[in-house]
Amino acid sequence: MHRDRHLARLASEQFDLLVIGGGATGTGIALDAVTRGLSVALVERDDFAAGTSSRSTKLIHGGVRYLEQAFKTFDRSQLNLVRDALKERATLLKIAPHLAKPLPIVTPIYSWFGVPYFTIGLKMYDFLAGKANLAPSQYIGPKEALEKFPMLRSEGLRGAVVYYDGQFDDARMNVSIAVTAAEKGVAIANHVEVTALKKDDSGRLNGATLHDTLSDKSWDIGAKIIVNATGPFTDNLRKLDEPHCSPMLKVSSGIHIVLDEKFSPPATGMLIPKTEDGRLLFLLPWLGHTLVGTTDNAATLQANPKAMEEDIEYVLRHVREYFALPVTRQDVKSTWSGLRPLVFDPKASDTAKLSRDHVVNISDSGLLTISGGKWTTYRKMSLDAVNQAIALGNLQPTHAGPQTETIPLAGGKHYEPDGAAKWVHNYGLSEAVATHLQRAYGDRTPDVMAIAQDGYESPLAGDHPYLEAEVIYGARHEGACTAVDILARRTRLGFLDSAATNGAITRVVELLGNELGWTEGERQQHHQDAVNYFANSV
């Protein structure tokens, strides 16, 4: 993904679609549209997955909470959301086998009433998945529950229900969608913002003004249809089209904390089924650590929200309630907060009850906005958006329907589930590094190792498996332009270990600066930008 070539295309070509927003939905729309034969451009003002799409609970799931709400409130829309997501779960496990995998999740039960309640509820979850179900859920007794999740508090334990969902690396998958879209023909660039929308004499949108935040250059681009896929910032872009438009969204915040791997078994997660305010919490093994979250609070719109201390304590308090193992604030290695775009309902006061389903809105001037939804259903959202864009612009695709259900994402086409052993043998890697590269890059691991063998085999940070070669690979092949791009989204170090991240910034800036030809002043600025960004993590 050579950014300069894509910028040249963005400055010289006319497009059927201009997609604004490089999260899961935006990149998904671009990939869907280009594989139908449309000419597509995509711009993202920050980096791919810089916002909500890198800050999820890392589950590809139907949503057990949504299922519970569906039956409690007789809400068919929530039920449909669960059914659609379970179908999509199976598809994502198929097209990105290196980035996604099934994960058993233990739901501990401490009351006799909970045994039939959770057993029946999770059996219904299985039923809605149909043929796409990963494995049947089952009730297990207290002894087996402690064998599967030894950290559990044994006092009063009545057993547990084990069910299955998918787990994935959200930012890596988002980047893989972007890379796949670029390889299929999308003109795509991160760190390019839209500063104005252009209209013809009749008032219909026909383009935009773009600004490259790295070079400080601006230019106009022409497109028949403009798609607003900016997540929590949806209303900001809509106001460029209609300054006085009514808002479509509320945003809520969800925080996650990262603990050491000792706080979870290596291949089993846990669902805390009820908190003091009726929410759910997940505790999951993730990239050699333990991920816990999330909260759901009303929030204000900001680019890099910080996890508040009261939210961190809320999560820790509930972990302690279920754990026999002590957990303290000092055990927290990293935190982050993300914003969820929720379809706006002015009568709703509790954001936990707002729908996660998506809507497509078309303004009088033709701006097509897609908002709401959830990570798991990004492909369905993309399908809906592209279908409406085709109708709105009378576009002429060469393929009548979506192709993305069968197109492997970058790294997944020739993925071998047991490939880590081959990388150990071929390159003399440790098992930890080989497993990491296998999960992050799939069948493109040899491309990373070709760079490593050129003198970049050293680790980026202590005992973490990330290699210096990944910095250069990210810049050459995955559109990384800044140290934050590398540390937060090409690798996941910035989400796992704040101290290690701060220690790696200098070397990442050095490697990127050499690769991208930065001046000394640019190196200093990139270093300071990274320090400031990660100051929002523990």
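No experiment lies behind these values; they were computed from the predicted model shown. Index from 1, following the sequence.
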### Query
For K198, what residues pass the salt bridge (Lys or Arg N to Asp or Glu O under 4.0 Å) criterion, not counting sequence neighbours?
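Here the qualifying residues are D220.
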### Task
Would you please name every residue forming a salt bridge (Lys or Arg N to Asp or Glu O under 4.0 Å) with D235, sequence neighbours left out?
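Partners of D235 by the salt bridge (Lys or Arg N to Asp or Glu O under 4.0 Å) criterion, ordered by chain and then number, come out as R238.
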May I ask you to decide whether [X] forms a salt bridge with [Y], counting only side-chain N to carboxylate O separations under 4.0 Å?
{"X": "E183", "Y": "K413", "answer": "no"}
{"X": "R489", "Y": "D47", "answer": "yes"}
{"X": "K58", "Y": "D165", "answer": "no"}
{"X": "K217", "Y": "D212", "answer": "no"}

With a 4.5 Å limit on heavy-atom distance, are the side chains of [X] and [Y] in contact?
{"X": "K306", "Y": "S337", "result": "no"}
{"X": "R379", "Y": "M381", "result": "no"}
{"X": "P341", "Y": "S371", "result": "no"}
{"X": "K380", "Y": "H358", "result": "yes"}

For a quick test of reading the model, state the closest non-hydrogen atom pair linking [X] to [Y] and the distance between them.
{"X": "L86", "Y": "A129", "value": "CD1-N, 3.6 Å"}
{"X": "I29", "Y": "V386", "value": "O-CG2, 3.7 Å"}
{"X": "F15", "Y": "E13", "value": "CE1-O, 3.3 Å"}

Would you please name every residue forming a ring pair (Phe, Tyr, Trp, His ring centres under 6.0 Å) with [X], sequence neighbours left out?
{"X": "H61", "result": "none"}
{"X": "Y314", "result": "H318"}
{"X": "Y473", "result": "Y441, H477"}

### Message
Please determine whether side chain to side chain contact (heavy atoms under 4.5 Å, CB included) holds for the pair V64 and M124, giving the CA-CA distance in whole Å, both sets of side-chain angles, and the decisive distance to 0.1 Å.
### Response
CA-CA 10 Å; V64 291; M124 181 59 67; over 6 Å; no
Give the table of side-chain donor-acceptor pairs shorter than 3.5 Å for residues 172-182, with sequence neighbours excluded, one pair per line with atom names and distance.
from, atom 1, to, atom 2, distance (Å)
R172, NE, A440, O, 3.4
R172, NH1, E478, OE1, 3.0
R172, NH1, E478, OE2, 3.4
R172, NH1, R490, O, 3.0
R172, NH2, A440, O, 3.1
R172, NH2, E478, OE2, 2.8
N174, OD1, A24, N, 3.1
N174, OD1, A49, N, 3.4
N174, ND2, G22, O, 3.3
N174, ND2, T27, OG1, 3.3
S176, OG, R172, O, 3.0
T180, OG1, S176, O, 2.6
T180, OG1, A410, N, 2.9

### Query
Where do V509 and W518 land on the side chain to side chain contact (heavy atoms under 4.5 Å, CB included) test, with the steps shown first?
CA-CA 9 Å; V509 168; W518 291 344; 4.1 Å; yes
Go through the side-chain N and O atoms of [X] and [Y] and say whether any donor and acceptor fall under 3.5 Å apart.
{"X": "N297", "Y": "D311", "result": "yes"}
{"X": "R439", "Y": "T445", "result": "no"}
{"X": "R89", "Y": "T376", "result": "no"}
{"X": "D296", "Y": "S252", "result": "yes"}
{"X": "T369", "Y": "N228", "result": "yes"}

### Task
Provide the full list of ring pair (Phe, Tyr, Trp, His ring centres under 6.0 Å) pairs with a residue in residues 208-237, sequence neighbours left out, each pair given once.
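Output for this query is empty, none listed.
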So, does [X] use its side chain to make a donor-acceptor pair with the main chain of [Y] at under 3.5 Å?
{"X": "T377", "Y": "G373", "answer": "no"}
{"X": "S39", "Y": "D16", "answer": "yes"}
{"X": "D169", "Y": "L99", "answer": "no"}
{"X": "T482", "Y": "D485", "answer": "yes"}
{"X": "T195", "Y": "L210", "answer": "no"}
{"X": "T52", "Y": "G338", "answer": "no"}
{"X": "T335", "Y": "H256", "answer": "no"}
{"X": "T491", "Y": "I486", "answer": "yes"}
{"X": "D200", "Y": "R204", "answer": "yes"}
{"X": "W375", "Y": "S56", "answer": "no"}

#### Entry: Whether over 12 other heavy atoms sit under 6.0 Å from D364 CG
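It does not: D364 CG has 12 such atoms or fewer within range.
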If the condition is side-chain contact (heavy atoms from CB on, under 4.5 Å), which residues does [X] pass it with, not counting sequence neighbours?
{"X": "L240", "answer": "V194, L197, L237"}
{"X": "T406", "answer": "none"}
{"X": "S363", "answer": "D241, E242, S365, L367"}
{"X": "P97", "answer": "Y415"}

### Point-to-point distance, once rounded to the nearest 0.5 Å, from OG1 of T295 to CG of L281
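One finds 8.5 Å between OG1 of T295 and CG of L281.
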Listing, residues 388-400 side-chain donor-acceptor contacts under 3.5 Å, not counting sequence neighbours, or none:
from, atom 1, to, atom 2, distance (Å)
Q396, NE2, N394, O, 3.2
T398, OG1, R36, O, 3.2

### Task
With side chain to side chain contact (heavy atoms under 4.5 Å, CB included) as the test, would you mind laying out the steps for R3 and C481 before giving the verdict?
CA-CA 9 Å; R3 188 170 182 270; C481 300; 3.5 Å; yes
### Task
For T213 and E193, run side chain to side chain contact (heavy atoms under 4.5 Å, CB included): C-alpha distance rounded to whole Å, both residues' side-chain angles, the deciding distance at 0.1 Å, then the answer.
CA-CA 7 Å; T213 62; E193 64 179 337; 3.8 Å; yes
### Task
Please name the residue in the list R55, R492, K374 that meets the salt bridge (charged side-chain N to carboxylate O under 4.0 Å, His left out) test with D170.
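Only one of R55, R492, K374 forms a salt bridge (charged side-chain N to carboxylate O under 4.0 Å, His left out) with D170, namely R492.
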### Query
Passes salt bridge (charged side-chain N to carboxylate O under 4.0 Å, His left out), R476 versus E515? Steps please.
CA-CA 8 Å; R476 290 180 184 174; E515 179 68 22; 2.9 Å; yes
